Amino acid sequence: QDAEIVRTRDPQLLAQCDVVVDVGGEYDPERHRYDHHQRSFAESMRSLRPDKPWTTKLSSAGLVYGHFGSQILAGLLQQPEDGPVVAALYDKLYENFVEEIDAIDNGIAQAEGEPRYALSTTLSARVGHLNPRWNDPDQDTEVG
């Protein structure tokens, strides 16, 4: 709760961080490095947690959820981490929210061939609306 968030790709600054997510080019949970941008990266929820059925390649969001989701949910719900409430919610949140983030971030199509319907309000679309338009003269993504 008292963490300082630093947005950077500077390797020297990243080396000083306790936790690094989605940058840095390494996945090393022992050192709290959670990036999925390596050619060799192929982790899925099933590879992290063999009792889970999902084989979608994880994004950094999925990596963090895979490693800390149960712990966070247990704390928020004030329930045991290995209890049935946390287990059920963990699975539902992954299946109905986080897996979409993983798939979209990794360029995995929703359907083979033509999609059956259009998605007009995904999380990715909402985040995209925060980015400057391609022809906006001010391309600073930090300006709100």
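Every value quoted in this text rests on a predicted model; they were computed, and no experiment measured them. Count residues from 1 along the sequence. Below, each value reflects all heavy atoms present in this structure, side chains not excepted, and no hydrogens, waters or symmetry copies.
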Mark yes when over 12 heavy atoms from residues, nucleotides or ligands other than Phe68 sit less than 6.0 Å from its CZ; otherwise mark no. yes

Path from Leu77 to Leu93 over hydrophobic side-chain contacts below 4.5 Å: yes

Taking side chain to side chain donor-acceptor pair (under 3.5 Å) as the test, write out the residues that go with Ser44, two or more places apart. none

Any side-chain heavy-atom pair of Val21 and Asp35 under 4.5 Å: no

Is there side-chain contact between Asp91 and Glu95, with heavy atoms separated by less than 4.5 Å? no

OG1/Thr55 to CD/Glu99 distance, rounded to the nearest 0.5 angstrom? 7.5 Å

Can you confirm whether His67 sits close enough to Leu48 that some side-chain heavy atom of one is under 4.5 Å from a side-chain heavy atom of the other? yes

Counting only heavy atoms from other residues, nucleotides and ligands, does the tally under 6.0 Å from CD of Gln38 exceed 12? yes

Within the structure provided, determine whether Tyr27 and Leu63 are in side-chain contact (heavy-atom separation under 4.5 Å). yes

Over all atoms of both residues, closest heavy-atom pair of Leu13 and Thr8: CD1-OG1, 3.7 Å

Whether over 12 other heavy atoms sit under 6.0 Å from Leu76 CG: yes

By salt bridge (charged side-chain N to carboxylate O under 4.0 Å, His left out), Asp28 pairs with (sequence neighbours left out) Arg31

Heavy atoms only: give me the nearest Ile101-Ala61 pair and the separation to one decimal. CG2-CB, 3.9 Å

Considering all heavy atoms of both residues, which atom of Ser60 and which atom of Asp22 are nearest to each other, and what is their separation? OG-OD1, 2.9 Å

Ignoring hydrogens and angles, tell me if any N or O in the side chain of Asn106 forms a donor-acceptor pair with the backbone of Lys57 under 3.5 Å. yes

Nearest-0.5 Å distance that lies between atom CH2 in Trp54 and atom CZ in Arg46: 10.5 Å

Lys52 side, atom NZ; Tyr94 side, atom OH - distance, nearest 0.5 Å: 11.5 Å

Test your reading of the model: is there a side-chain donor-acceptor pair from Asp102 to the backbone of Leu58, 3.5 Å cut-off? no

Keeping to residues at least two apart or across chains, list the side chain to side chain donor-acceptor pair (under 3.5 Å) pairs with something in residues 71-89. none

If you look at every heavy atom in Ser59 and Asp105, which pair is closest and at what distance? CB-OD2, 3.3 Å

Are there more than 12 heavy atoms of other residues, nucleotides or ligands under 6.0 Å from atom CG of Asp18? no

Is the NZ or CZ atom of Arg49 both under 6.0 Å from the centre of the six-membered ring of Tyr90 and within 45° of that ring's axis? yes

